[in-house]
Structures are given as structure tokens and as C-alpha cells.
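To start, the structure itself, in C-alpha cells.
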Amino acid sequence: MSDRMEPYDASASEVQPQDGRGMRGGAVPNPGLPEHQLRPTDVDEGLEKRAERQIAAMFGLATILTIGFCVAYYTVPEDSTIFGWSGLNFALGVTLGSALLLIGIGAIQWAKKLMDDHEIVEMRHPSVSSEEDRRVALAALSAGAAESGIGRRPLIRNSLLGALGVLGLPAVVALTDLGPIGDTSKVASTVWRRGMRVVNDVSGVPIRPEQVVQGQLINGEPAVLVPTGDEERDEELGVLHGAELLAEKAKAAVILVRMRPEEITATEGRENWDVDGIVCYSKICTHVGCPISLYEQTTHNVLCPCHQSTFDLANGAEVIFGPATRPLPQLQLGLDDEGYLIAMGDFEAVVGASYPTMRQS
Amino acid sequence: MRFLSSRRRHPLAGLVVLLFALTAVGGLYTALAPEQATADNAQTDMVEGGRQLFIVGCASCHGLAGQGVSTRQGANYGPSLVGVGAAAVDFQVGTGRMPMAKVDTQAPRKPPVYNEEETEALAAYVASLGPGPAIPDDEYLDISDVTDEELAEGGAFFRTNCTACHNSVGAGGALPDGRYAPPLTDVEAVHIYEAMLTGPQQMPVFSDEVLTPEDKRNVIAYIKKIESQPTYGGFGMGGIGPVADGVIAWVVGLGAMVIAAVWIAAHGVRVAKKDEGVQR
């Protein structure tokens, strides 16, 4: 680096560009660098000593604060609070943050007040490598190619190219499961089937229509996805567990809302899909699959918090705003012998995020 | 007993029994009946008192008999209060939402206009208009002996049913057309319960049969728990999520650093004295 820098010579009145290109026509003379001005610490030894002491004090204080961080880590109780914040986090943040800040301020003060501050000029230099470097690099490459014999052994070269090309296949094969090409049954179906009870999420309480009042929202699940806490009963119901439970829950979650039957404009062929004004729709947004339950009982609109897709549950969950392109899939409701709400089958439309080639329902 | 049984066929025995019975009936009536009458009167007085308050403060929007008022275009000016129950009144009036200060998309929370007695009277009057949810029992509002398991379950219910609108820490959130889900901080337990039970404004209802009173108590306990927790990350910024955090960090935080860097580079004290070879 040092060979490219020329220390500023205070006696030189002008600095000329090396090739003079910046001076075409010579209309504006190069003003050069302004005259160097001294700082108070350059001329007053007392101020210089003072700055030195200040900077050392900042570094010293930073040391103490860093040690304070270590002490606070062990001594401040986890449940203490200060200004409504966690006392421990506050102590750790203040000590370490202040230590770093003081080191930074000290360094700046050092540079600005004490370090030699003579201006220098660094000329631009071509970014191209030197002729010599380029010749050596090319020679090394040709030597490598010649020694490996890649030109002389086409069998090895072509088989290597083939092997590298085939490496793309695993990605294609593995990714087909995501899309519509391969087996889509996992994407297109859920655990809902005819006769399965709709239960309240978390508590698993089965629901009777008379328990659902006007304007009610229920975040529901199929009965097989909410463990009852009784292992034998779970076994009997076929309750799923672990990863399988989570995978199915991501698709089968529903919302039930009740409105006055005359407010519902049923989609053709779905006139009897509600039970006394209780309608059931997938809770998974058809845009990119966020769970939605942001329901306004006054407008019957349900809104997706991710991208503001809005569905009108009084009108077949039609999209009335936002990026979603198809309605939320509806689940046909019915009643079992004991009067509890059940599904009358799986969703007819595919639940969740739409993909480009998907048939619109 | 021999004395009584031997004289049971005495001519005056019937009279004695009759006197005895009359005394007993009279005594029982004095003991019980007037008390019931007083209670009934008090209830009637309260309903009547509530009606008087209602006519002055509520009838302009809700109608003289609480039947609701429609605009000429048929839109809802003030909804009917028949069947909304005492719980809805206690919530709306107790949190100051009603009476509304002006016609607006949503009634904001404000200091209550009516005191507790007046609110109670209004609730009694509206409850008399038609059957509706009553003010919840104190039993389900006391969260002092909620166990950790129940608290965790309350959290699960909260995340499933409430966070979509009210945010994961109950900070509230925006809804379409200028409506909003209010923050849940500093709300009395009874009002949280009543909101779930009655579904005020655009909020949906969570009936006691589906989300049981115990479940509701656990939800309230969870809300109170997250409210009382310190914010571990310093400024909570309303807990509205990573996007807001990122905006503040990038715009305010980095912006401040850039400004500081420019300021540092632009400032430095110089003396008028020129450099005359005082090199050190």
C-alpha cells in the first residue's frame, strides 16, 4: 500500500492529476488541498495530555463495565424488574453496551485529537493486473490443463460432465412431492370424513347446534386431532399423535360461525351445507396457507393477517379483497344421532395454498 | 305423648289444632313473605330506575323501548337491545364505550359516564327486555388460585381464539375500514369475560357451552399473566411483531448511526494557527 501513497507535502501548492485528463481545457485550475490547520491538541501540550487522560479513562471505564457485565450475570436475579423491563437484561445491556460505546468513542477521540492528521492524496490506479501477473496466471492454467490431460482424454472429460449433469436429477425427483406432478393425494385430502365430529380446538368439546349462538366463532378441529387425555378413548377414536397429528392439523383446522340462515347466500349445490345458519370453512388461507380466524361478526368477513385476503363467509367464502384467488373450501355439516355437529365428508376443494396448475374450484 | 294421645278425641282438640296451625302459618308468613315482597320491589325499582336513565341517555339511538333505531335508508343507527342481556350492558357502559360520544365506526373505550349503581340499574332494565346473558359469577373471575396447568391451557385457548385479532401479547390490532381490536391491557376480568360472552361490536361470541366458564377464567388468567410480565427485550413497541422491530432497527437505529458518523466526520476543532513545522 505504502508505495501508492504519497504523503502530502505542505510546500507543494498544487497536486496535478497523473495524466492530466481531469484538466481538459484547463478552464478550472486545480485548487489542490487546502492548507493544513492545526488542532488545539497540536499546539497546547496541556490539552494534549488532557485528551490522553480522557481517552485512557474511557478505555478504563469500559474495562470496569465489562467486568460489571460478568458480575451482573451472576448476581442480578432473573425475576427482578426495572422500569417494567427485566432487571437482568437491563443490567447486561447497559454494562456491555456502554463498554462497547466507550471503546468506540475513545477510539474516535484518539484518532481525531491525537493521531497524526496530515492529509494525504492517493491517486487512482488501474484495476487491471499487471502484464506480468496475467502472463503467469495464464501459464499456470495451461500447465494445469496440460498436466491433467483433459484435452487428451475425452472419455474421462465426457463422463465427468455426464456425472455432473445427472446431479440435477435428485432435486427434481425430491421436489415432485411438493407439486402437482407426483402423488397429490396427501395434499388434496384431509382426515375429515363422513360422520366425524367437529370439536372445539384445545378442549376437544364436541358441539351441539344449540350451544352455538348468533355471531359465534368456534375454532374447530376434527375429533381425531384433539387428544381427550384418556388413552383408551383416544385409541377408540383413532386419535393421531406426534408429527402425524401436526401434519394433519395443518390441513384440517376449521372455523365455524353462526349467522341468521337468511343472511347466507349459499353456493349452488351447497344449499344444505349449513346447520341452522352454522357454516364451516377451512381455517387455512387459500393464498399461501396462513391460519385465519380474524372474523368480524358484523360483516361476516374473515381476514387473513398475512396478506389481507378477505373472505365473505355469508357468500360461500368468496374472496372480496386481497391476493387469494379462490374461496375457502367449505365443509358440509350435519348432525349425528346424539345431536352433535359432524362433517358430511372431506372438503371437496383442496385445502390451503393454491399452486399454479391447480384446477380452480 | 300419652297426655296428647289420650286427649286426641277431646271436643276442643280440633280447635287447639286449628289455633296451632293458624299461628304457624301466620308466623311463617311474617317471617318469609314480606322479605320477598321487598326484594321484588327493589328489583322493580331498579328496572324502573334503569328505564328512566335509559330514556335520557340511550333512547336517542336505541329507541324508547330499546327496540333499536333504523335510518331512513334502512341501515342500523342503534341496534335493538332486546335479548342482549345484562352482561352486554355491563361491558358497554362499564368500559365507557356506551354512551357513544359521536357516531363512529367503532365505540372507543373511555372513562365510564355512569357509576356502578347506575350501570347496574341500566343492566337490570335491558335484561328485563328479553332473556340474554347475565353478568358472570364472581367464581369464574377470581384468578388467584389458577394452577400452572390451567394457566397453560388458558394460553392455548388464547392463542387459538384471541391472538388473530388481539395480538399474541394482547396489544390489539387493526381491522378493515378503520375498525380495530382493542388492546387487552388494564381491562377488568369481568369485562374480558363479558366481551367473550356477548361479542361486542364486530367481535364474535364465545358461548359458555363451547368455551366453558372455567376455560374463560383460564384465558383471563393468561391475559393477566402476560400483562404482568416485564418486557424482556426492553421497549416492547406494542408487541406488534418482527416487522415493526426490523423497521425501528434499520431506519431509526442505522439512521442514527449514519447521522452520528456524518456528524463525527464533519466536526473537529481547529485553531487558526497554521502548521509551521510543529510536527511531533
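So you know, we letter chains A, B, ... as the sequences are listed, proteins then strands, and number each from 1.
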Side-chain heavy atoms of B/Val205 within contact of A/Gln297, under 4.5 Å: yes
If I take atom CG from residue A/Asn219 and atom CZ from residue B/Phe157, how far apart are they, to the nearest 0.5 angstrom? 10.5 Å
Selection from B/Asp215, B/Leu175, B/Asp177, B/Asp208 maximising heavy-atom pairs under 4.5 Å formed with chain A: B/Leu175
Audit row: A/Leu217, B/Asn161, side chain to side chain contact (heavy atoms under 4.5 Å, CB included) steps and yes/no: CA-CA 8 Å; A/Leu217 165 74; B/Asn161 296 295; 5.7 Å; no
Can you confirm whether B/Met257 is buried at CE, in the sense that more than 12 heavy atoms of other residues, nucleotides or ligands lie under 6.0 Å from that atom? no
Atom CH2 of A/Trp110: over 12 foreign heavy atoms under 6.0 Å: no
May I ask you to check whether over 12 heavy atoms, not counting those of B/Glu188, lie within 6.0 Å of atom CD? no
Report the C-alpha distance between B/Arg159 and A/Asp201 in whole Å, list the side-chain angles of each, state the deciding distance to 0.1 Å, and finish with yes or no for salt bridge (charged side-chain N to carboxylate O under 4.0 Å, His left out). CA-CA 11 Å; B/Arg159 286 187 293 276; A/Asp201 199 355; over 6 Å; no
Is it the case that over 12 heavy atoms from other parts of the model lie below 6.0 angstrom from the CZ atom of B/Arg270? yes
Give the intermediate values and the outcome of side chain to side chain contact (heavy atoms under 4.5 Å, CB included) for residues B/Glu153 and A/Val202. CA-CA 8 Å; B/Glu153 201 183 52; A/Val202 183; 4.1 Å; yes
Rounded distance (nearest 0.5 Å) linking atom CG of A/Leu303 with atom CZ of B/Arg179: 9.5 Å
Would you call A/Ile207 and B/Glu209 a side-chain contact if the rule is heavy atoms closer than 4.5 Å? no
Do the non-hydrogen side-chain atoms of B/Pro204 and A/Gln216 ever get within less than 4.5 Å of each other? no
Heavy-atom proximity to chain B below 4.5 Å, by part of A/Leu294: both
Under 4.5 Å from any heavy atom of chain B, what part of A/Gln308 do you find: side chain, backbone, both or neither? neither
Answer with side chain, backbone, both or neither: which region of A/Asn89 has an atom nearer than 4.5 Å to a non-hydrogen atom of chain B? side chain
Crowding at CD, A/Glu210 (>12 non-hydrogen neighbours, <6.0 Å): yes
Can you tell me which portion of B/Ala265 sits under 4.5 Å from chain A's heavy atoms? Options are side chain, backbone, both or neither. backbone
Is the shortest heavy-atom distance from the side chain of A/Glu296 to the side chain of B/Pro176 under 4.5 Å? yes
Under 4.5 Å heavy-atom distance to chain A, tell me which part of B/His267 shows up: side chain, backbone, both or neither. backbone
Of A/Asn301, A/Thr299, A/Thr298, which meets side chain to side chain contact (heavy atoms under 4.5 Å, CB included) against B/Gln202? A/Thr298
Main chain of B/Val269, side chain of A/Lys112: is a donor-acceptor contact present, judged purely on distance under 3.5 Å? no
Side chain A/Lys113, main chain B/Gly268, donor-acceptor under 3.5 Å: no
Flag if over 12 foreign heavy atoms under 6.0 Å of CZ, A/Phe69: yes
When you compare the side chain of A/Ser86 with that of B/Tyr232, does any pair of heavy atoms fall below 4.5 Å? yes
Atom OG in B/Ser207, atom CD in A/Gln214: separation rounded to 0.5 Å? 12.0 Å
Measure the shortest side-chain to side-chain distance between A/Ser203 and B/Thr212 over non-hydrogen atoms and say whether it is less than 4.5 angstrom. no
Under 4.5 Å from any heavy atom of chain B - which part of A/Tyr295: both
